[in-house]
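FYI, side chains are in, hydrogens and waters are out, and symmetry mates aren't considered; it's all heavy atoms of this structure.
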Amino acid sequence: MSITLRPFELRDVDDFMVWAGDEKVTKYCRWDTFTSREDAVEFLRQIITSNAWYRAICLHGRSVGSIYVAPQGTGKDARRAELGYALSADHWGKGVATEAVKMVVSNVFQEVKGLDRVEGLVYADNKASQRVLEKAGFHKEGVLRKYFYVKGQSRDIVVYSVVNNMSAEDAVF
């Protein structure tokens, strides 16, 4: 399996629509299912400009999902970040998401100055995503009851994390 991660480009819109337009995929996303190509283009424009660590998960050069790391807090307080991902249902159960998460974690602590912790916040009923994080080396910390209000309902969230074990002297900035 040859997975690559790269910044999204507007030319990804048709591939993006395949999986971001699938309710099986977006069921566990905080954003709604995309039904309009124009809305998808606007979303990609926002992703490209708003988050330096939002990547397309690619197989054979084509986008089959997304993964992001979003720093929480500002300035010196931005010591933790949230990890999120979505993957085309055609690629579920094949190790693609796990490999993408491992790739991100292997680089993000070196690339994001001062980052101590990456969190995965997963809907409690999304057992497959919990397994992805566990296989990628994240540790389950607990459940936050009714933590998110998404798509008209309060959702329990399972918190996972991985921490930076690298000393400040070892970091490459």
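Taking OG of Ser88 as the start and CG of Asp15 as the end, the distance is 9.5 Å to the nearest 0.5 Å. From Ile157, atom CD1 reaches atom NZ of Lys146 across 11.5 Å, with rounding to the nearest 0.5 Å. For the atom pair Asp22 CG and Lys27 NZ, the distance stands at 11.5 Å (nearest 0.5 Å). Atom-to-atom distance recorded for Asn107:CG and Leu5:CG is 8.5 Å, nearest 0.5 angstrom. Atom-to-atom distance recorded for Tyr123:OH and Arg30:CZ is 6.5 Å, nearest 0.5 angstrom. Rounding to the nearest 0.5 Å gives a distance of 11.5 Å between CD1 of Ile57 and CZ of Arg6.
Remark: Asp90 pairs with no residue by the salt bridge (charged side-chain N to carboxylate O under 4.0 Å, His left out) rule, at least two apart or across chains. Annotation: ring pair (Phe, Tyr, Trp, His ring centres under 6.0 Å) contacts of Tyr160 (sequence neighbours excluded): none. Listed by chain and number, the residues in a side chain to side chain contact (heavy atoms under 4.5 Å, CB included) with Asp116 are Arg79 (sequence neighbours excluded).
In this structure a side-chain-to-backbone donor-acceptor pair under 3.5 Å is present from Lys127 to Ala124. Panel note: side chain Gln72, backbone Ala70; a donor-acceptor pair is recorded below 3.5 Å.
Note on ring orientation: taking the six-membered ring where Trp is involved, the planes of Trp19 and Phe8 are tilted (angle from 30° to 60°).
No single ILVMFWY cluster, assembled from side-chain heavy atoms under 4.5 Å apart, contains both Val150 and Leu83. The cluster map of Ile, Leu, Val, Met, Phe, Trp and Tyr, joined by side-chain heavy atoms under 4.5 Å apart, puts Leu133 and Leu87 in the same cluster. In the hydrophobic clustering of this structure, Tyr28 does not group with Val158; members are Ile, Leu, Val, Met, Phe, Trp, Tyr whose side-chain heavy atoms approach within less than 4.5 Å, directly or through other members. Residue Trp92 is grouped with residue Val96 when hydrophobic side chains (ILVMFWY) are merged at heavy-atom distances under 4.5 angstrom, including chains of intermediate members. One hydrophobic cluster, built from ILVMFWY side chains closer than 4.5 Å, cannot hold both Val118 and Leu144; they sit in different ones.
Taking the side chain as every heavy atom from C-beta outward, Val69 and Val112 never approach each other to under 4.5 Å. Using a 4.5 Å heavy-atom cutoff, the side chains of Arg55 and Ser66 are not in contact. You'll find the side chain of Glu42 reaches within 4.5 Å of the side chain of Gln46, heavy atoms only. Contact of the Val159 side chain with the Leu121 side chain is registered, since non-hydrogen atoms from C-beta on lie closer than 4.5 Å. In this structure, Thr26 and Phe34 have side chains that are not in contact, with every pair of non-hydrogen atoms separated by 4.5 Å or more.
When all heavy atoms of Ser161 and Glu141 are compared, the pair lying nearest together is OG-OE2, 2.5 Å. Of all heavy-atom pairs spanning Ala86 and Trp31, the tightest one is CB-CZ2, 4.3 Å. Shown here for Ile3 and Met103, the closest heavy-atom pair between the two residues is O-CE, 3.7 Å. Residues Asn126 and Ser129 share a closest heavy-atom pair of OD1-N, 3.1 Å. Closest heavy-atom contact between Ala40 and Val13: CB-CG2, 3.8 Å. Ser2 and Leu59 make their closest contact through O-CD2, 3.8 Å (heavy atoms, listed as atom of the first residue, atom of the second, distance).
Val18 belongs to no multi-residue hydrophobic cluster, having no ILVMFWY side-chain contact under 4.5 Å with any other such residue.
Each ring-ring contact (aromatic ring centres under 6.0 Å, His included) pair with one or both residues in residues 55-88, not counting sequence neighbours, appears once here: Tyr54-Tyr68. Screening residues 147-157 for side chain to side chain donor-acceptor pair (under 3.5 Å), with sequence neighbours left out, gives Asp125-Arg155.
Annotation: Arg62, atom CZ; neighbour count of heavy atoms from other residues, nucleotides and ligands within 6.0 Å does not exceed 12.
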### Task
Report the C-alpha separation of Gln130 and Phe138 in whole Å, then their side-chain angles, then the decisive distance to 0.1 Å, and conclude whether the side chain to side chain contact (heavy atoms under 4.5 Å, CB included) test is met.
CA-CA 9 Å; Gln130 292 177 48; Phe138 280 66; over 6 Å; no
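Between the side chains of Thr33 and Glu23, no donor N or O sits under 3.5 Å from an acceptor N or O.
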